[in-house]
Amino acid sequence: MDKFMKRAVELAVENVREGGQPFGAVLVKEDAILSEGVNELHKAFDISGHAELLAIRRAQEQLQTNDLSGCVVYASGEPCAMCLTAMYFAGINKVYYCASVEDAAEAGLGKSKAIYEDLKKEKPERALPMVQMPLTEVQINPMKLWKEKL
């Protein structure tokens, strides 16, 4: 097993032993670990406290950038949709993972699989209703304001 994946799995095992979920992540650039993370939902009561997101946050803070191009993530489990989206935004180049979302569901952690399935549906058919509310004429349009600043 690759040394970085081995570390991600070690982090996941340690986290389970400490009362957390079986997820660990390692963020690597140029064959060196930039940051690591484990799911900390049990510590911080923060639903976004996933291993991959914490590793990304730590690397961005350390490097003082939002751009993590050239970086690779090694994760003990297949990233959820939230973490995967963050990786797209951060410019991560590649992701390696061990356990699939199906494996996680079999272990009693089925939200990721359910969310991936729900995202395949058309917006009106999804479990979480989304309703667009256009701005009124009296409101400042933040998108126009942003475009004017460019």
Side-chain angles (χ1 to χ4, degrees), residues 1-123 126-132 141-150:
M1 180 179 283
D2 178 277
K3 66 182 178 181
F4 300 123
M5 185 58 77
K6 183 178 178 186
R7 178 63 183 149
V9 172
E10 287 171 355
L11 289 167
V13 169
E14 289 172 24
N15 201 44
V16 170
R17 289 186 174 141
E18 293 175 7
Q21 294 179 338
F23 301 105
V26 177
L27 186 68
V28 175
K29 185 168 186 174
E30 298 173 1
D31 208 36
I33 295 176
L34 288 179
S35 61
E36 299 177 337
V38 296
N39 274 35
E40 294 184 2
L41 283 74
H42 65 297
K43 293 180 180 178
F45 302 101
D46 174 4
I47 201 66
S48 70
H50 287 202
E52 301 91 337
L53 286 180
L54 293 173
I56 288 169
R57 287 178 192 153
R58 290 171 181 146
Q60 288 178 329
E61 185 177 352
Q62 174 188 335
L63 300 173
Q64 292 293 288
T65 184
N66 291 323
D67 183 9
L68 296 178
S69 299
C71 292
V72 176
V73 171
Y74 292 81
S76 63
E78 184 174 357
C80 73
M82 175 177 60
C83 293
L84 182 62
T85 301
M87 291 178 205
Y88 275 103
F89 277 113
I92 301 292
N93 287 54
K94 196 169 198 173
V95 180
Y96 294 97
Y97 64 92
C98 281
S100 67
V101 292
E102 291 80 14
D103 295 331
E106 287 179 23
L109 298 161
K111 284 189 180 179
S112 290
K113 183 179 179 196
I115 291 169
Y116 272 120
E117 291 299 320
D118 202 48
L119 289 173
K120 292 177 185 176
K121 300 174 185 174
E122 295 296 321
K123 287 179 190 175
R126 292 181 187 161
L128 180 61
M130 292 176 53
V131 180
Q132 183 178 13
N141 184 324
M143 295 297 174
K144 283 185 182 178
L145 186 62
W146 173 259
K147 189 175 179 181
E148 290 169 4
K149 287 180 70 173
L150 296 180

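Starting from 1, each residue takes its place in the sequence as its number. It should be emphasised that the depicted structure is a prediction, and the values quoted were computed from it without experimental measurement.
- Contact check for Lys29 versus Asn93: no side-chain heavy atoms found under the 4.5 Å cut-off.
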Using the side-chain contact (heavy atoms from CB on, under 4.5 Å) rule, take Leu63 and Leu68 through it: C-alpha gap first, then chi angles, then the decisive distance, then the call. CA-CA 9 Å; Leu63 300 173; Leu68 296 178; 4.0 Å; yes
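- Remark: Lys113 NZ is loosely packed, at most 12 non-hydrogen atoms of other residues, nucleotides or ligands lying under 6.0 Å away.
- Using cut-offs of 30° and 60° on the angle between ring planes, the pair Phe4 and Tyr74 is tilted.
- Checked by atom type and distance alone, the side chain of Asp118 pairs as donor or acceptor with a backbone atom of Ala127 at under 3.5 Å.
- Shown here is Lys144, whose NZ atom has no more than 12 heavy atoms of other residues, nucleotides or ligands within 6.0 Å.
- Atom-to-atom distance recorded for Leu54:CG and Asp46:CG is 7.5 Å, nearest 0.5 angstrom.
- Contact between Glu52 and Gly77 at its shortest, heavy atoms only, is OE2-O, 3.8 Å.
- Judged by distance alone, with hydrogens and angles left aside, the side-chain atoms of Ser76 form a donor-acceptor pair with the main-chain N or O of Pro22 at under 3.5 Å.
- Taken from CD in Gln62 to CD in Gln64, the straight-line distance is 10.0 Å, to the nearest 0.5 Å.
- The backbone N or O of Asn66 sits less than 3.5 Å from a side-chain atom of Gln60, completing a donor-acceptor pair.
- The minimum heavy-atom distance linking Met82 with Ile47 is given by the pair CE-O, 3.6 Å.
- For the pair Leu119 and Ala81, the tightest heavy-atom approach, listed with the atom from each and the gap, is CD1-CB, 3.8 Å.
- The existence of a salt bridge linking Arg57 and Glu40 is excluded, since no basic side-chain nitrogen approaches an acidic carboxylate oxygen closer than 4.0 Å.
- For the residue pair Leu34 and Cys71, the shortest heavy atom distance occurs at CD1-SG, 3.7 Å.
- Looking at heavy atoms from C-beta onward, Tyr96 lies out of side-chain contact with Asp2 at the 4.5 angstrom threshold.
- Side-chain atoms of Val73 and Pro79, non-hydrogen and from C-beta on, never get closer than 4.5 Å to each other.
- Each of Val28, Asp31, Ile33 was checked for a side chain to side chain contact (heavy atoms under 4.5 Å, CB included) with Lys3, and the lone residue meeting it is Asp31.
- The two residues Arg126 and Met130 come nearest to each other via the heavy atoms NH1-SD, 4.4 Å.
- The structure places CG of Leu53 at 11.0 Å from CZ of Arg58, a figure rounded to the nearest 0.5 Å.
- Interatomic distance, His50 NE2 to Cys80 SG, rounded to the nearest 0.5 Å: 5.0 Å.
- Note that CG of Leu109 and CG of Asp103 are 11.0 Å apart. Values are rounded to the nearest 0.5 Å.
- Taking all atoms of both residues into account, the shortest heavy-atom contact from Ile56 to Ala90 is CG2-CB, 4.4 Å.
- Residues Glu10 and Arg7 are paired through a salt bridge, judged by an N-O separation under 4.0 Å between the basic side chain and the carboxylate.
- Counting only heavy atoms from C-beta outward, the side chains of Leu27 and Ile92 approach each other to under 4.5 Å.
- Looking at Arg17 and Glu14, no side-chain N of the basic residue comes within less than 4.0 Å of a carboxylate O on the acidic one, giving no salt bridge.
- For the 3.5 Å distance criterion, the side chains of Asp67 and Thr65 fail to qualify, holding no donor opposite an acceptor.
- Interatomic distance, CZ of Phe23 versus SG of Cys83, reported as 9.5 Å (0.5 Å rounding).
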